[in-house]
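This one's a predicted model, so the numbers in the text were calculated from it and none came from an experiment.
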Amino acid sequence: MPPNNPIRSLSRHGSATTAVLTTTTTQYIPPFKPSNRDYSNMAAAAAAPMRSSVVSPTTTDKFSPLQQSNGILTSPVTSPVARRKAITLESMNQFLRKADYAVRGRLAIRAEELRDRLAKGDITLPFSEIVNSNIGNPQAMDQKPITFFRQVLSLVQYPQLLDSEYATKIFPQDAIERSRVLLKEIGSLGAYSQSQGVPYIRQSIANFIAERDSFPADANDIYLAGGASSAVSSLLTTICNGPSTGVMIPVPQYPLYSASLAIENATPVPYLLDESTCWGTDTVYIETVVKSSIAKGVDLRAMVVINPCNPTGSCLTRDEISDIIKLAAEHTFLIIADEVYQTNVYEGEFHSFKKILRELQRDFPGLYDDVELASLHSTSKGMVGECGQRGGYMELIGIDDQVLEELYKLISISLCPVVSGQVLTELMVNPPRPGDESYALYQKEYDTVYEALKERAFTLFNAFQKLDGISCQEPMGAMYLFPTIHLPPRAIKDANRLKTEPDEFYCLQLLEQTGICVVPGSGFGQKDGTYHFRTTFLAPGEDHVKRFIAFHKDFLQKYS
């Protein structure tokens, strides 16, 4: 549609729906669409085989005529018959095929192949271990679980321990008491809970939010989930209604969002984070993206904000959050605030979207009352790091009641979130307090994990600072660094010859030569002409850092 033609957009305020004609000539920014990539040639260039992605040609289906023997119909056994598959690559859900999730993509698969070779005694590889810096999986990288959390989980999983004469010898009294309270509220860990989650646990979360933000929170607004990813999936399924639906996602972004939107057949609308300002947001620029997408007929429903940010590690300021909320109020879209790293802040301070929204509603009555907000938290990150337990929640503010009914129906189809994950979520938001028997150990473990993460972040950052061809923003939060790699023209030429992204080319050679697995920036989206990679700083020790430094210097020397 020509940009000067008036486009009808719908703006909802409260329960009223008003048609608004808008005219704009703002250039449209096309949706971010990550490509599916074939690593097979690139792996060969890195001197190691990879799992083949070639699909064998399909044999034409043939059905042999039936023969009769003693009154029974049988097939002749003269030759094998090609069996037809009920589900094929062509007949399956094509939207799923469009989804891409680089964090556990082909580099991660290759890393597992190399790990298997090491486990079988292969001594031909130039390294002796795989370092999975591709994914924020703390306890896989030697982060220890919080003792109190595991004690309560043990008792809730096996209540007979509570009646054992040894219980008080093994477990502290506050862990025993918490377990009894949770069991009373839950009944049994093996029973379904309410689809929205155990009411007692939702109230604990509401209390936590109220204490964090200094504003009241309502347990009815809380929805327990099997990790924040599950909550995101439910939310996007509810709000998306085909390709006309637009959802703004940051670039770079955690690929859960682009992958989920691909499966929903919705339109991702990218907005670039500004690397020159520590990956900050520019509201004036974002508004041009909003107007541009609306001018193209996109029904802009939501904006995803990840704070602290995965993959960049940046943290939003109060002013940046306030400006985004004002933009949402003006253009009527839902804010999806992914705040799972809210305790992983090393520089500055975390500000929740809920708190800033409530402050604006207090200070400017009527202007921001209809702003819709979904905020997400998880037990997978922070100092908890219980990724495999799959616990988390979302708080929904300002959502239409009829939409909430449909969302509840959707989550009810899955019956309920994993109840042990709900228990862990309660422990995360309601840990031991000063005066409790377990408090001293809890605080010591919490602080130890925090200080270790911060130290590792700056160890890796300082190493990058000393290398030619790499520039990196100072770590502020989350579990990641997202450095820029300035690749020599010869390396880019070789990557293009192999029909792969240059940063993927770099990352695969890093894996094949050092055993360090990171994720190329192209898997998260990046500004054209720039190359990055995302690495966690979870791995203990400095040996892998030395291996990376040696590799990078050799890479530059080889291709310069």
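- Each salt bridge (charged side-chain N to carboxylate O under 4.0 Å, His left out) pair with one or both residues in residues 375-392, not counting sequence neighbours, appears once here: Arg150-Glu386.
- Within the structure, the salt bridge (charged side-chain N to carboxylate O under 4.0 Å, His left out) test picks out the following pairs touching residues 301-312 (sequence neighbours left out): Asp299-Arg301.
- Between Pro250 and Tyr271 there is a side-chain heavy-atom pair separated by less than 4.5 Å.
- Salt-bridge check for Arg433 with Glu211: passed, with a basic side-chain N closer than 4.0 Å to an acidic carboxylate O.
- Within the structure, ring-ring contact (aromatic ring centres under 6.0 Å, His included) pairs that include any residue of residues 404-425 do not occur (at least two apart or interchain).
- Of all the heavy atoms in Ala478 and Cys309, the pair that sits closest is CB-O, 3.6 Å.
- Listed by chain and number, the residues in a side-chain contact (heavy atoms from CB on, under 4.5 Å) with Pro483 are Phe464, Ile470, Cys472, Leu481, Phe533 (sequence neighbours excluded).
- Applying the side-chain contact (heavy atoms from CB on, under 4.5 Å) criterion to Arg212, with sequence neighbours excluded, gives Phe208, Ile209, Glu339, Gln342, Phe350, Ser352, Lys354, Tyr393.
- Nearest approach of Leu373 to Ala337, heavy atoms of both residues: CD1-CB, 4.1 Å.
- Of all the heavy atoms in Asn344 and Leu453, the pair that sits closest is ND2-CD1, 3.6 Å.
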- Task: Output, in order, the C-alpha distance, side-chain angles, deciding distance and verdict of side-chain hydrogen bond (donor to acceptor under 3.5 Å, both in side chains) for Tyr285 and Asp274.
- Result: CA-CA 10 Å; Tyr285 154 71; Asp274 187 355; over 6 Å; no
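- The side chain to side chain donor-acceptor pair (under 3.5 Å) pairs that include a residue from residues 231-241 are Thr237-Glu264, where partners are two or more places apart or lie in different chains.
- For the ring-ring contact (aromatic ring centres under 6.0 Å, His included) condition, no pair includes a residue of residues 299-330, sequence neighbours left out.
- Qualifying side chain to side chain donor-acceptor pair (under 3.5 Å) partners for Tyr442, counting only residues two or more places apart in sequence or in other chains: none.
- For the side-chain hydrogen bond (donor to acceptor under 3.5 Å, both in side chains) criterion with Glu275, the lone passing option out of Gln473, Gln526, His532 is His532.
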- Query: Can you check side-chain hydrogen bond (donor to acceptor under 3.5 Å, both in side chains) on Tyr480 and Tyr341, steps first, answer last?
  - Reply: CA-CA 11 Å; Tyr480 315 99; Tyr341 295 98; 2.5 Å; yes
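- Of all heavy-atom pairs between Glu372 and Gly398, the closest is CG-O, 3.2 Å.
- Using a 4.0 Å cut-off between charged side-chain N and carboxylate O, Lys454 and Glu451 make no salt bridge.
- Partners of Asn462 according to the side-chain contact (heavy atoms from CB on, under 4.5 Å) rule, which considers only residues two or more places apart in sequence or in another chain, are Phe458.
- The ring-ring contact (aromatic ring centres under 6.0 Å, His included) check on Tyr223 picks up nothing, with sequence neighbours excluded.
- Contact record, Cys517 with Leu107: SG-O, 3.9 Å, taken as the closest heavy-atom pair.
- Residues Tyr346 and Phe461 place their aromatic rings such that the two centres sit no closer than 6.0 Å.
- Annotation: side chain to side chain donor-acceptor pair (under 3.5 Å) contacts involving residues 418-427, sequence neighbours excluded, comprise Arg178-Glu426, Ser193-Gln422, Ser204-Glu426, Glu426-Asn430.
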- Derivation and outcome, side-chain contact (heavy atoms from CB on, under 4.5 Å), residues His331 and Leu300: CA-CA 9 Å; His331 294 282; Leu300 194 62; 5.9 Å; no
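- Partners of Ala374 according to the side-chain contact (heavy atoms from CB on, under 4.5 Å) rule, which considers only residues two or more places apart in sequence or in another chain, are Leu235, Leu334, Leu396.
- Surrounding CD of Glu455 are at most 12 heavy atoms belonging to other residues, nucleotides or ligands under 6.0 Å away.
- Heavy-atom minimum distance, Val518 versus Ser133: CG1-CB, 4.1 Å.
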